[in-house]
Novice: 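Following this message is one structure expressed as structure tokens.
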Amino acid sequence: MARIGGKALVPYEGVAVILLIALVGGAKATAICNIDSTKLNQCLPAVSGQSPPPPTKRCCSIVRRANLPCLCSYKSVLPALGINPVYALALPKKCGLKAPPECRVG
């Protein structure tokens with residue numbers, strides 16, 4: 001469960017708020033799954049649209065530092081944020097990492 005300011009949030013609401021702030025360039029960074037939320041937008045091109053480009057080196061650097069089981073546990077939130085879950089859950093493999101079970105599609 002996500003915590004913001006000592007307050008427990010339902011995972012969906014907490015992640016949605018954090019990701020929305022990050023995607024629109026919010027002023028305050030929040031750590032989520034071992035990464036700074038303001039850096040999540042580095043991977044946005046690789047996980048959205050019809051034919052996204054491969055992840056950049058910067059995106060993969062962020063993915064490598066992330067707690068992947070933690071991030072992948074929020075896969076149900078992704079469509080509401082305009083992120084294609086299939087592309088997002090493929091990021092670890094595209095970045096040369098072994099995807100944890102939480103990151104499998106289906």
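Positions are given from 1 along the sequence. Keep in mind that what you see is a predicted model, and the values were worked out from it rather than measured.
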Novice: Just jot down the side chain to side chain donor-acceptor pair (under 3.5 Å) partners of S61, sequence neighbours excluded, or say none.
Specialist: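 Checked S61 against side chain to side chain donor-acceptor pair (under 3.5 Å); matches are R65.
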
Novice: Can you give the donor-acceptor pairs under 3.5 Å from side chains of residues 82-97 to other protein atoms, not counting sequence neighbours?
Specialist:
from: N84; atom 1: OD1; to: V86; atom 2: N; distance (Å): 2.8
from: N84; atom 1: OD1; to: Y87; atom 2: N; distance (Å): 3.4
from: Y87; atom 1: OH; to: Q50; atom 2: O; distance (Å): 2.8

Novice: Quick check for you: to the nearest 0.5 Å, what is the distance between C72 atom SG and L78 atom CG?
Specialist: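 Reported to 0.5 Å precision, the distance equals 8.5 Å.
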
Novice: Nearest 0.5 angstrom please: K39 NZ to I62 CD1, how far?
Specialist: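 Answer rounded to 0.5 Å: 6.5 Å.
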
Novice: Using the side chain to side chain contact (heavy atoms under 4.5 Å, CB included) criterion, which residues pair with P69? Sequence neighbours excluded.
Specialist: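 Result, side chain to side chain contact (heavy atoms under 4.5 Å, CB included) vs P69: N67, P100, E102.
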
Novice: Got a second to check how far I35's CD1 is from R64's CZ, nearest 0.5 Å?
Specialist: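 That separation rounds to 13.5 Å.
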
Novice: Could you tell me which non-hydrogen atom of P55 sits nearest to which non-hydrogen atom of A46, and how far apart they are?
Specialist: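 Heavy-atom minimum between the residues: CA-CB, 3.7 Å.
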
Novice: Between SG of C33 and CG of L40, what distance do you get to the nearest 0.5 Å?
Specialist: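 Spacing of SG (C33) from CG (L40) equals 9.0 Å.
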
Novice: Rounded to the nearest 0.5 Å, how far apart are CG of N41 and CZ of R58?
Specialist: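 Taking CG in N41 and CZ in R58, the distance rounds to 9.0 Å.
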
Novice: Can L71 and N34 be said to form a side chain to side chain contact (heavy atoms under 4.5 Å, CB included), step by step?
Specialist: CA-CA 9 Å; L71 278 179; N34 296 344; over 6 Å; no

